[in-house]
Q: 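Shown below is the structure under consideration.
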Amino acid sequence: MEGDQRTSPPTQSLLPDGYLVLWTLCSVLLPVFITFWCSLQRSRRQLLRRDIFRKSKHGWRDTDLFSHPTYCCVCAQHILQGAFCDCCGLRVDEGCLKKADKRFPCKEIMLKNDGRDADALPHHWIRGNVPLCSYCVVCKQQCGSQPKLCDYRCIWCQKTVHDECMKSSLKNEKCDFGEFKNLIIPPGYLTSINQMRKNKKTDYEALASKFGKQWTPLIILANSRSGNNMGEELLGEFRILLNPVQVFDITKTPPIKALQLCTLLPYHSVRVLVCGGDGTVGWVLDAVDEMKIKGQEKYIPQVAVLPLGTGNDLSNTLGWGTGYAGEIPVAQVLRNVMEADGIKLDRWKVQVTNKGYYNLRKPKEFTMNNYFSIGPDALMALNFHAHREKAPSLFSSRILNKAVYLFYGTKDCLVQECKDLNKKIELELDGERVELPNLEGIIVLNIGYWGGGCRLWEGMGDETYPLARHDDGLLEVVGVYGSFHCAQIQVKLANPFRIGQAHTVRLILKCSMMPMQVDGEPWAQGPCTVTITHKTHALMLYFSGEQTDDDLSSASDQEDQKDAE
């Protein structure tokens with residue numbers, strides 16, 4: 001008995017230890033299981049959402065943050081995380097996405113052949129989430145001011161109306177496309193074009209005549225990778241205001257394919273808005289040149305610029321500013337395009353022929369819109385591009401890019417890699433050789449601005465020089481004494497060395513490697529001959545609504561010269 005009593009306590013002490021192990025396992029495995037189950041459900045929702053996005057006619061985009069109070073168009077509840085259509089502006093909660101996709105149609109880029117009159121497009125009303133600055137077309141009072149899903153907006157003309165002011169006559173009324181009717185390509189027009197193609201007719205001019213001469217359809221070509229990825233947001237805003245068929249992301253659709261839409265529109269009437277940097281503008285203008293080669297001169301559009309790059313010297317020259325960061329609404333951008341005037345821009349051929357008797361390679365050819373340079377500014381661009389190729393995600397900020405340029409400019413001030421350029425190069429202007437002082441760089445200009453907003457040719461001081469123009473068939477050639485001199489010029493503490501103007505510029509690099517660039521595209525070049533000759537003209541749009549002090553002073557100088565003549 002005593003032995004049994006002695007052995008029983010160890011058996012009882014094992015039970016608490018077993019419970020402890022069991023609870024420990026549960027406390028560890030249960031959170032793991034819950035996390036796994038939640039991630040599984042999340043992945044299932046994402047797959048379902050992607051499937052809806054892929055099959056839907058809406059341009060759905062995910063978001064977890066709306067800029068203002070937003071309500072679901074299905075359940076009318078306030079939402080923070082959900083989706084919105086960047087074509088019609090429909091906003092829905094994540095759980096109502098499938099219902100909204102079935103219930104609400106998106107913008108029709110072409111009308112269905114259901115016997116309807118192609119010109120009689122009724123309003124397409126969507127309820128709720130109207131802009132806070134909108135007013136009812138019936139009572140002229142503010143819309144969207146109540147904290148709930150209320151009021152209507154037409155996704156074509158952008159008119160808004162209160163719930164209580166909505167009448168049956170408004171629902172059946174023909175839409176006039178609103179303020180931007182002269183920029184929009186109506187769905188009925190594309191339907192008629194499609195029918196004419198089936199009947200093997202190409203008389204598009206007669207079809208477009210009913211829209212009047214004031215109809216100047218606009219094509220948007222945006223680079224979604226430019227300007228801190230602002231291009232992606234702009235694409236959606238333009239799709240809401242225009243026909244989505246007019247809006248192209250050129251990282252997905254090359255400009256030459258997008259510009260074929262011009263061949264379906266009236267002769268000499270199309271305008272193109274390029275959203276991107278000067279490099280993107282050059283890409284589009286190269287596509288326009290290809291249209292000329294194909295014999296499509298009568299479809300050539302006029303080109304405006306919305307600057308999203310770093311330098312934006314061409315857009316600044318054409319009056320569109322030094323950079324767009326969303327400071328004005330997209331609707332105002334469209335108004336500026338409608339008010340802009342047509343001008344010509346010289347385009348130049350830059351031919352680089354390597355030196356040597358046994359060189360069998362073809363000369364390199366570039367097309368120049370802005371400027372060609374050899375020396376310290378080309379070296380800064382070359383170093384910048386080399387590091388951006390290694391880590392492109394680090395160079396998405398305009399301010400950061402300029403800081404990197406400043407760093408390389410400061411470095412070159414100490415190293416002076418481009419010194420004694422006058423001993424390495426010969427310069428000819430219109431066939432006449434020019435004696436050069438002790439320079440480190442030469443810049444050949446087609447436009448008025450250089451280096452992110454600096455006017456090189458006019459400069460400062462009392463010396464009078466003929467104004468630089470971008471349509472006179474002349475190039476302005478200047479020299480700089482180094483990186484520090486470039487910095488002084490940009491802050492208006494010094495002038496460049498003005499060499500002269502010419503119709504043809506020839507540079508002969510006799511020895512060593514030197515950095516060169518054409519419109520921000522740099523490379524390292526050995527001994528060669530660079531010949532710059534006139535190539536063609538591009539039709540651009542100039543906006544005179546915003547002028548800088550330099551523009552005003554240049555304009556006054558030009559008027560003084562005319563008065564003197």
Side-chain angles (χ1 to χ4, degrees), residues 57 87-88 105-124 154-159 172-221 238-248 253-274 284 287-288 290-304 334-335 337-342 539 541:
K57 293 183 178 180
C87 292
C88 65
C106 193
K107 272 186 175 179
E108 295 182 18
I109 61 175
M110 291 179 61
L111 298 179
K112 298 177 181 177
N113 293 322
D114 53 3
R116 287 188 298 173
D117 183 6
D119 298 329
L121 179 70
H123 287 293
H124 186 156
C154 175
I155 62 177
W156 284 107
C157 64
Q158 310 304 321
K159 290 179 181 177
N172 300 320
E173 185 182 41
K174 179 181 175 182
C175 181
D176 63 356
F177 296 100
E179 181 183 3
F180 304 115
K181 62 182 178 181
N182 290 331
L183 301 180
I184 295 174
I185 302 176
Y189 178 83
L190 296 177
T191 304
S192 301
I193 289 287
N194 193 34
Q195 188 62 39
M196 291 180 70
R197 280 185 159 185
K198 290 180 180 179
N199 299 332
K200 298 182 179 179
K201 296 179 181 179
T202 57
D203 188 14
Y204 302 151
E205 284 291 312
L207 181 62
S209 61
K210 60 186 176 183
F211 294 98
K213 294 183 178 180
Q214 71 277 7
W215 186 44
T216 54
L218 179 66
I219 297 175
I220 307 294
L221 302 180
F238 282 121
R239 290 190 187 107
I240 288 177
L241 295 176
L242 305 174
N243 191 332
V245 78
Q246 302 172 238
V247 184
F248 297 91
T253 305
I256 188 59
K257 290 187 66 177
L259 291 176
Q260 291 308 302
L261 181 59
C262 297
T263 60
L264 304 179
L265 298 168
Y267 302 154
H268 310 297
S269 66
V270 182
R271 297 187 168 195
V272 170
L273 177 62
V274 181
V284 173
V288 171
E290 289 187 44
M291 292 179 66
K292 295 178 183 177
I293 295 173
K294 293 179 180 179
Q296 298 175 342
E297 282 101 348
K298 57 188 177 182
Y299 300 111
I300 296 299
Q302 295 176 309
V303 180
L334 295 180
R335 295 185 194 104
V337 173
M338 289 193 291
E339 295 173 4
D341 301 316
L539 301 178
L541 287 170

Q: Does Q246 reach the main-chain N or O of P217 with its side chain, forming a donor-acceptor pair under 3.5 Å?
A: no
Q: Verify, without hydrogens or angle tests, whether Q296 (side chain) and E290 (backbone) share a donor-acceptor contact under 3.5 angstrom.
A: no
Q: Going from CD1 on I155 to NZ on K107, what distance comes out if it is rounded to the nearest 0.5 angstrom?
A: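 I155 atom CD1 to K107 atom NZ measures 6.0 Å (nearest 0.5 Å).
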Q: Identify the two heavy atoms, one from L190 and one from I109, that lie closest to each other, and give their separation to 0.1 Å.
A: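 Answer, listing the atom of L190 first, then I109: CD1-O, 3.3 Å.
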Q: Kindly give the heavy-atom pair with the smallest separation between L259 and V272, and that separation in Å.
A: CD2-CG2, 3.9 Å
Q: Taking all non-hydrogen atoms of both residues, which atom of L261 and which atom of V245 are closest, and how far apart?
A: CD2-O, 3.9 Å
Q: Could you pull out all residues at least two apart from R271 that satisfy salt bridge (Lys or Arg N to Asp or Glu O under 4.0 Å)?
A: none
Q: Out of curiosity, W156 CH2 to L242 CG, how far, rounded to the nearest 0.5 Å?
A: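 Here the interatomic distance stands at 9.0 Å.
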Q: In chain order, what residues pass the salt bridge (Lys or Arg N to Asp or Glu O under 4.0 Å) check against R197, with sequence neighbours excluded?
A: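 Salt bridge (Lys or Arg N to Asp or Glu O under 4.0 Å) list for R197, sorted by chain: empty.
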Q: Just to verify, what does K57 make a side chain to side chain contact (heavy atoms under 4.5 Å, CB included) with, not counting sequence neighbours?
A: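 Residues passing side chain to side chain contact (heavy atoms under 4.5 Å, CB included) with K57: none at all.
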Q: Under the 3.5 angstrom rule, does the side chain of K181 hit a backbone N or O of P186 as a donor-acceptor pair?
A: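 Here the side-chain-to-backbone pair does not exist.
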Q: Any donor and acceptor pair, going by atom type alone, linking the side chain of W215 with main-chain N or O of I184 inside 3.5 Å?
A: yes
Q: To the closest 0.5 Å, what do you measure between NE2 (H123) and CG (D176)?
A: 6.5 Å
Q: Go through C175 and H124 one step at a time and tell me if the side chain to side chain contact (heavy atoms under 4.5 Å, CB included) criterion holds.
A: CA-CA 8 Å; C175 181; H124 186 156; over 6 Å; no
Q: Does the pair T216 and L183 meet the rule for a side chain to side chain contact (heavy atoms under 4.5 Å, CB included), with working shown?
A: CA-CA 6 Å; T216 54; L183 301 180; 4.0 Å; yes
Q: Quick one: list whatever passes salt bridge (Lys or Arg N to Asp or Glu O under 4.0 Å) with D341, sequence neighbours left out.
A: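 Once residues adjacent in sequence are excluded, D341 has no partner under the salt bridge (Lys or Arg N to Asp or Glu O under 4.0 Å) criterion.
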Q: Could I get the full list of salt bridge (Lys or Arg N to Asp or Glu O under 4.0 Å) partners for K292, not counting sequence neighbours?
A: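 Result, salt bridge (Lys or Arg N to Asp or Glu O under 4.0 Å) vs K292: D289.
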Q: Which atom names give the shortest non-hydrogen contact between Y189 and I185, and what distance separates them?
A: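 Result for this residue pair: CD2-CG2, 4.1 Å.
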Q: Could you please spell out the steps behind the side chain to side chain contact (heavy atoms under 4.5 Å, CB included) verdict for L265 and Y299?
A: CA-CA 8 Å; L265 298 168; Y299 300 111; over 6 Å; no
Q: For a 4.5 angstrom cut-off between non-hydrogen side-chain atoms, does Q158 reach I240?
A: yes
Q: As an exercise, state the distance from CD1 of I256 to NZ of K294, rounded to the nearest 0.5 Å.
A: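 Output value for this atom pair is 4.0 Å.
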Q: For K257, look at atom NZ and say whether over 12 heavy atoms of other residues, nucleotides or ligands are found less than 6.0 Å away.
A: no
Q: Taking atom CD1 of I193 and atom OG1 of T263, what is their separation to the nearest 0.5 Å?
A: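 So the gap between those two atoms works out to 9.0 Å.
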Q: If the condition is side-chain hydrogen bond (donor to acceptor under 3.5 Å, both in side chains), which residues does E339 pass it with, not counting sequence neighbours?
A: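 Expected list: none.
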Q: With rounding to the nearest 0.5 angstrom, report the CD to NE2 distance, Q302 to H268.
A: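 Rounded to the nearest 0.5 Å, the CD-NE2 separation comes to 10.5 Å.
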Q: Does T253 reach the main-chain N or O of A258 with its side chain, forming a donor-acceptor pair under 3.5 Å?
A: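 Side chain of T253 to backbone of A258: no pair is present.
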Q: For side chain to side chain contact (heavy atoms under 4.5 Å, CB included), just list the numbers for L273 and F238, CA-CA rounded to whole Å, side-chain angles, deciding distance to a tenth of an Å, and then say yes or no.
A: CA-CA 11 Å; L273 177 62; F238 282 121; 3.7 Å; yes
